[in-house]
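Positions are given from 1, in the same order as the sequence printed here. These numbers come from a predicted model, not from an experiment.
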Amino acid sequence: MSAPATGPLRPDLMDPRTLAALGRLEVISRWLVDGVLNGLHRSPKKGFSVEFAEHRAYQPGDDLRLMDWKVAARADKWLIKQYEEETNLRATIVLDVSKSMDWASAPTLLTKRQYAEQVVAALSLLLLRQRDAVGLIRFDDQIRSAIKPASRQLQFTRLVAALGESGGGPASDAGSALRQAAQAVKRRGMVVLVSDLLLDPQDVDDAVRVLRAQGHDVAVLHILDPAERSFELGVGESLFVDTEGGESLAATPAEVREAYVETVAEAMAEWRARLSASGAVYEPILTTEPFGVPLRRAFARRQRLP
């Protein structure tokens, strides 16, 4: 399925469900990035890296200084060493794929995980097109996928394939995932946590402070279903079940709405305060919200960095 031609419609301002109707994540991401998101981050520096990427067969006219003479002597193969182009930024996106992310308040809405995967794919493509290196860590109660940052042409295909892998564990161990991200981004870079933040705040806060102490920029995208903020879930008695812990409570939405909305607002305020104090960016995004604007808002500070 091919992407619709870009016209007066701004894809980054469209309903996520409309975007999802385009088909595969590759198509959604390319259309978004080709449309408006391109330019969100511009690399201010150019350069040449010494990081080895891969071999390719020697071709007449190749610079002999790039020949891998060790391989030639050992295996009688003439191979040219290729290096990754240096990038301004090495980024790792840390995606929560725990059970709570598989929830939507209505069958017509994207689940938090489906929406987050759109965000991750578009952001990855954006970074790769701007010659930045990007990697991915998916986690629930364990690390499900770990792809090191790279700016190679095939990296986007690898990332999208990983997004299609399984998840749905009963808990979220964000601290371990963020600590692994710190190891993956060895020089100054960026770590983006994409989660519904049904996590231990202290665990996340500790990991974020470590990342910040190492000089990394950190952004946290808080993915929320609209009903999680408004609690508009009908009038009859319902059974509310903790998707990760399994605990349940029978009540009508009217009985618990006011306390629930207040609790969610307090939790969001606490996340914002904690992360801001750690020097991280906090950006809540509803799954019904076009994410071009919130992404621009989240990474505006990054654009001003030297």
Side-chain angles (χ1 to χ4, degrees), residues 11-23 25 28 32 94-123 138-141 144 163-164 166-172 174 193-201 204 220-272 282-295 297-298:
D12 64 330
L13 299 180
M14 291 183 64
D15 186 318
R17 290 167 298 181
T18 303
L19 287 174
L22 292 170
L25 275 174
I28 298 170
L32 276 165
V94 181
L95 174 63
D96 184 353
V97 293
S98 62
K99 196 170 183 178
S100 67
M101 292 286 287
D102 285 329
W103 184 78
S105 59
T108 54
L109 298 180
L110 298 181
T111 66
K112 290 183 281 187
R113 178 171 164 181
Q114 289 171 329
Y115 181 89
E117 287 171 347
Q118 286 189 14
V119 173
V120 171
L123 184 56
R138 299 167 63 256
F139 72 96
D140 42 39
D141 53 339
R144 292 285 181 176
L163 290 173
S166 63
S172 305
L193 173 62
V194 184
S195 169
D196 58 6
L197 293 185
L198 296 178
L199 309 170
D200 179 349
V204 174
V220 177
L221 306 181
H222 187 179
I223 308 300
L224 291 151
D225 185 280
E228 289 181 299
R229 296 198 68 178
S230 65
F231 211 68
E232 299 294 339
L233 292 174
V235 296
E237 182 167 296
S238 305
L239 186 64
F240 298 96
V241 181
D242 179 346
T243 54
E244 294 192 0
E247 297 179 359
S248 60
L249 171 69
T252 66
E255 289 173 331
V256 295
R257 179 176 293 119
E258 183 177 352
Y260 173 87
V261 170
E262 184 177 337
T263 300
V264 169
E266 289 175 354
M268 292 176 67
E270 182 186 352
W271 276 112
R272 185 181 296 280
Y282 169 76
E283 187 66 40
I285 312 177
L286 297 178
T287 58
T288 50
E289 183 179 11
F291 48 77
V293 171
L295 279 185
R297 209 160 46 220

Problem - Working for side chain to side chain contact (heavy atoms under 4.5 Å, CB included), residues Val119 and Leu295 - result: CA-CA 9 Å; Val119 173; Leu295 279 185; 4.2 Å; yes
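Checking side-chain atoms of Tyr115 against main-chain N and O of Glu289 turns up a donor-acceptor pair under 3.5 Å.
The line from NE2 of His222 to CG of Leu286 is 9.5 Å long, rounded to the nearest 0.5 Å. Note that OG1 of Thr287 and CE of Met101 are 10.0 Å apart. Values are rounded to the nearest 0.5 Å. Lys99 contributes atom NZ, which lies 11.5 Å from atom CG of Asp140 (distance to the nearest 0.5 angstrom). Here the CG-CG distance, from Asp225 to Leu110, works out to 10.0 Å after rounding to the nearest 0.5 Å. Interatomic distance, CD1 of Ile285 versus CG of Leu224, reported as 9.5 Å (0.5 Å rounding).
In this structure, Arg138 and Ser166 approach most closely via the heavy-atom pair NH2-O, 2.9 Å.
Residue pairs meeting the salt bridge (Lys or Arg N to Asp or Glu O under 4.0 Å) criterion with at least one member in residues 105-116, sequence neighbours excluded: Asp102-Arg113, Lys112-Asp196, Lys112-Glu228, Arg113-Glu117.
Side-chain atoms of Ser195 and Asp96 include a donor-acceptor pair closer than 3.5 Å.
Taking Arg272 as the reference, Ser276, Tyr282, Pro284 meet the side-chain contact (heavy atoms from CB on, under 4.5 Å) condition, with sequence neighbours excluded. Partners of Phe139 by ring pair (Phe, Tyr, Trp, His ring centres under 6.0 Å), not counting sequence neighbours: none found.
Between Val220 and Glu283 the shortest side-chain heavy-atom distance does not fall below 4.5 Å. Leu163 is listed as a side-chain neighbour of Leu95, based on a closest heavy-atom distance under 4.5 Å.
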